[in-house]
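One structure below.
Because the structure is predicted, anything quoted here is derived from the model rather than measured. Positions are given from 1 along the sequence.
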Amino acid sequence: MGFRQAAVLTSVCFFLGVLFICLNVDYRLLFHLNQQAVEDGFQFYTTFYNAPPAIKAMLYGMGGVGMIGLLSKVTQWDESAMFFDGSSLAAYMFSIALYFTVTIPSAQTIVDPVPDVDTREDQIEAMRVLSASNTIAIVLLGGILALQAGQEYARRIERREMAKLAELEGEGSTLEVKKDQ
């Protein structure tokens, strides 16, 4: 495993860790909605939204590391890069787009509602939408891990088959030399 793949796996696993922490709240908001789950959600997402700038910088930095890792892997432009890394890049970009288009506006609605526009029901709905988008992001990032594992598996199988082929070719040339003698 090289640096590029390590950068991808590190950033994806980091975000999966963050999202699995969110899943503790998200699960109850999506499947067992009650007043306690709503209050826990408000408290959790308010804390998350008001995190220090260093935390947000770390999130964006890890996102950049993953994007750079995937873009550098795609530049090889072989079949493996096109299928596995291209699909991983698409899923990663979709999860980033999901973050900027759903997570940030929903968190703003939850924490800082527009006066006389956003009601308590709007805030609860925004929290549930945020929970659903986190679940979608978990599936996307899990797909990236599966694609990267599949790529490594395919490379190992290819190396094994190439070694067998080289061994057979080596034996074939020895048989030809013996026939000539």
Side-chain angles (χ1 to χ4, degrees), residues 1-30 36-77 81-82 84-115 117-118 120 122-152:
M1 174 172 62
F3 175 75
R4 294 177 289 198
Q5 189 165 11
V8 172
L9 294 177
T10 301
S11 64
V12 168
C13 289
F14 174 80
F15 286 121
L16 277 173
V18 170
L19 289 170
F20 278 128
I21 291 170
C22 295
L23 190 63
N24 290 324
V25 174
D26 293 342
Y27 179 79
R28 291 185 295 144
L29 287 170
L30 290 173
Q36 183 62 41
V38 169
E39 291 306 318
D40 290 346
F42 276 123
Q43 185 177 8
F44 177 78
Y45 284 114
T46 300
T47 304
F48 189 77
Y49 184 78
N50 293 324
I55 301 296
K56 294 175 184 175
M58 185 173 62
L59 285 172
Y60 294 143
M62 288 301 287
V65 166
M67 184 65 75
I68 289 170
L70 279 169
L71 287 173
S72 65
K73 285 183 77 176
V74 169
T75 59
Q76 291 176 351
W77 209 248
M82 286 190 313
F84 294 107
D85 295 331
S87 299
S88 294
L89 182 62
Y92 197 77
M93 289 177 66
F94 185 70
S95 65
I96 288 174
L98 195 65
Y99 173 76
F100 283 115
T101 59
V102 176
T103 302
I104 292 175
S106 293
Q108 288 172 342
T109 301
I110 294 165
V111 176
D112 192 22
V114 177
V117 175
D118 291 330
R120 177 85 170 170
D122 292 337
Q123 289 178 301
I124 294 170
E125 190 62 31
M127 205 168 4
R128 295 190 77 195
V129 167
L130 177 57
S131 298
S133 73
N134 286 346
T135 305
I136 293 169
I138 287 172
V139 171
L140 289 169
L141 294 173
I144 293 171
L145 285 181
L147 285 166
Q148 294 300 306
Q151 182 182 32
E152 186 62 30

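- With contacts defined as side-chain heavy-atom distances shorter than 4.5 Å, the pair Q148/L70 qualifies.
- Under the 3.5 Å distance criterion, the side-chain polar atoms of S87 are left unmatched by any main-chain donor or acceptor of F84.
- For E39 and R120, the salt-bridge test passes: some basic side-chain N is under 4.0 Å from an acidic carboxylate O.
- Annotation: side chain of V65 is not in contact with side chain of T10 (no heavy-atom distance under 4.5 Å).
- Note that the OG atom of S88 and the CG atom of L9 stand 9.0 Å from one another [nearest 0.5 Å].
- Proximity of S11 to Y92: side-chain heavy atoms (C-beta onward) are separated by under 4.5 Å at one or more points.
- Contact annotation: the side chain of I138 approaches that of L16 to within less than 4.5 Å [non-hydrogen atoms, C-beta and beyond].
- A pairwise comparison of heavy atoms in A51 and K56 identifies O-CE, 3.6 Å as the closest pair.
- When every heavy atom of I110 is checked against every heavy atom of Q123, the shortest pair comes out as O-NE2, 2.9 Å.
- Between T46 atom OG1 and D112 atom CG the span is 10.0 Å, to the nearest 0.5 Å.
- F100 and Y60 have parallel rings, their planes meeting at less than 30° on a 0 to 90° scale where 60° marks the start of perpendicular.
- One finds the CE atom of M127 at 9.5 Å from the CG atom of D40 (value rounded to the nearest 0.5 Å).
- I136 places a side-chain heavy atom less than 4.5 Å from the side chain of F94.
- Here the side chains of L147 and Q151 are not in contact, with every heavy-atom distance at 4.5 Å or above.
- Heavy-atom neighbours of F48 CZ from other residues, nucleotides or ligands within 6.0 Å: at or below the threshold of 12.
- The minimum heavy-atom distance between A91 and I144, with the atom names listed, is CB-CG1, 3.8 Å.
- Closest approach of D122 and V117 over heavy atoms only: OD2-O, 3.4 Å.
- A 6.0 Å sphere centred on CD of Q43 holds no more than 12 heavy atoms belonging to other residues, nucleotides or ligands.
- Contact record, A137 with L19: CB-CD1, 3.7 Å, taken as the closest heavy-atom pair.
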Worksheet item: Is there a side-chain contact (heavy atoms from CB on, under 4.5 Å) between C13 and L145 once you walk through the steps?
Response: CA-CA 8 Å; C13 289; L145 285 181; 4.1 Å; yes
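- Note: Y27 OH to S131 OG = 13.0 Å, rounded to the nearest 0.5 Å.
- For M82, the CE atom sits in a packed shell: over 12 heavy atoms of surrounding residues, nucleotides or ligands are nearer than 6.0 Å.
- To the nearest 0.5 Å, atom OG1 of residue T103 and atom CG of residue N134 are 5.5 Å apart.
- When side chains are defined from C-beta on, I104 does not count as touching Y49, because their heavy atoms never get closer than 4.5 Å.
- The two residues S106 and L130 make their nearest non-hydrogen contact at CB-CB, 3.9 Å.
- Between Y45 and L29, some side-chain heavy-atom pair lies under the 4.5 Å cut-off.
- Taken from CG in L89 to CE in M67, the straight-line distance is 6.0 Å, to the nearest 0.5 Å.
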